[in-house]
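To start, the structure itself, in structure tokens.
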Amino acid sequence: MTLPMFADDAAMLPKIHPSRKLKARVAATLDARGGDFLSEPVAELELGFDGIQGDFHAGPTRQSGGREPWYPRGTEIRNERQISIVAADELALAAAKMGIDRIEPGWIGANLVIEGIPLLSMLPPRTQLFFEGGVTLRIDGDNAPCRIAGAAIAKNYPEMDETALALAFVPAARRRRGVVAWVEKPGRISAGEAMTARLWEQWIYPAG
């Protein structure tokens, strides 16, 4: 078998960025207990392996939707979207792009607001979030903005065109809508708690 050239020649290997750690803080904790994805601030979150106890997105599995076009809609799949994590600075940028004064984290179903990590939405998959109280979350990837969340935002601006504002959220929040994660080690997360993000080695796969 002939190996690709880069496997024999170190000079052909992609650039590898070393692992590193980032310090941050939990600015707010929220959960969604009202029968839909909208969330409300709470003092703390109780997490099990299924996610946040009583939260709309809790569970070991979920049904596939528009984000998984390779499955028939409604297929039961692993729930890697147990926790929604956002940053206030990114939401402020998205709001400015939409021409509105703010996007509250609860309007788009956020569970955690994190401060201290630049470009939070671009944290790579596999990143681990270690919380001071003992919880560990594992990031699955960025949370692509959708019209449904946009519509929830638009309801808070009745003086504006609801459809146009809902649609505007998608491009405005692209790579600014935060990340989704699942529970690797359960426990309790409190507002104000310190945390550390552990980024693994990163590289761009060169074949293809």
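Here the structure is a predicted model, which is why all the values come from computation and not from measurement.
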Margin query: Is there a path of hydrophobic side-chain contacts, each under 4.5 Å between heavy atoms of I/L/V/M/F/W/Y residues, joining Y157 to F169?
Written below: yes
Check: For atom CZ of R67, is the number of surrounding heavy atoms from other residues, nucleotides or ligands below 6.0 Å larger than 12?
Finding: yes
Next item on the list: Give a yes or no on whether V86 and I189 share a hydrophobic cluster (residues Ile, Leu, Val, Met, Phe, Trp, Tyr; joining criterion: side-chain heavy atoms under 4.5 Å apart).
Entry: no
Margin query: I need the L91 CG to E104 CD distance, nearest 0.5 Å.
Written below: 9.0 Å
Notebook entry, point to check: Does a donor on one side chain sit under 3.5 Å from an acceptor on the other, for T136 and Q128?
Noted result: no
Notebook entry, point to check: Are L137 and W200 grouped together when hydrophobic residues (ILVMFWY) are joined by side-chain heavy atoms under 4.5 angstrom apart?
Noted result: no
Note to self: Please determine whether residues F56 and W107 belong to a single hydrophobic cluster, defined as Ile, Leu, Val, Met, Phe, Trp and Tyr linked transitively by side-chain heavy-atom distances below 4.5 Å.
What the structure shows: no
Notebook entry, point to check: Distance from I148 atom CD1 to I108 atom CD1, nearest 0.5 Å?
Noted result: 13.5 Å
Item checked: Donor-acceptor contact below 3.5 Å, side chain S39 vs main chain D31 -> no
Note to self: Quick check for you: to the nearest 0.5 Å, what is the distance between R198 atom CZ and S19 atom OG?
What the structure shows: 5.0 Å
Next item on the list: Sort out for me which residue in E115, E132, E193 forms a side chain to side chain donor-acceptor pair (under 3.5 Å) with R25.
Entry: E115
Item checked: More than 12 heavy atoms of other groups within 6.0 Å of Y71 OH -> no
Checklist line | Heavy atoms from other residues, nucleotides or ligands near CZ of R20 exceed 12 (cutoff 6.0 Å) | finding: no
Check: More than 12 foreign heavy atoms under 6.0 Å from CD1 of I204: is that the case here?
Finding: no
Note to self: For a 4.5 angstrom cut-off between non-hydrogen side-chain atoms, does E68 reach T75?
What the structure shows: no
Note to self: Are V179 and F37 connected into the same hydrophobic cluster when the rule is that any two of I, L, V, M, F, W, Y join if their side-chain heavy atoms are below 4.5 Å apart?
What the structure shows: no
Item checked: Sole candidate of L120, N111, L123, I117 that passes side chain to side chain contact (heavy atoms under 4.5 Å, CB included) when paired with I85 -> L120
Check: Side chains of R81 and N143: do they bring a donor and an acceptor to under 3.5 Å?
Finding: yes
Margin query: For L167, is the CG atom crowded, meaning more than 12 foreign heavy atoms sit under 6.0 Å from it?
Written below: yes
Notebook entry, point to check: Can you tell me how far CG of L129 sits from CG of L22, rounded to the nearest 0.5 angstrom?
Noted result: 10.0 Å
Note to self: Nearest 0.5 angstrom please: D142 CG to L119 CG, how far?
What the structure shows: 12.5 Å
Margin query: If you count every heavy atom of other residues, nucleotides or ligands that lies below 6.0 Å from R175 atom CZ, does the total exceed 12?
Written below: no
Next item on the list: Nearest 0.5 Å please: distance from the NZ atom of K23 over to the CE atom of M195.
Entry: 9.5 Å
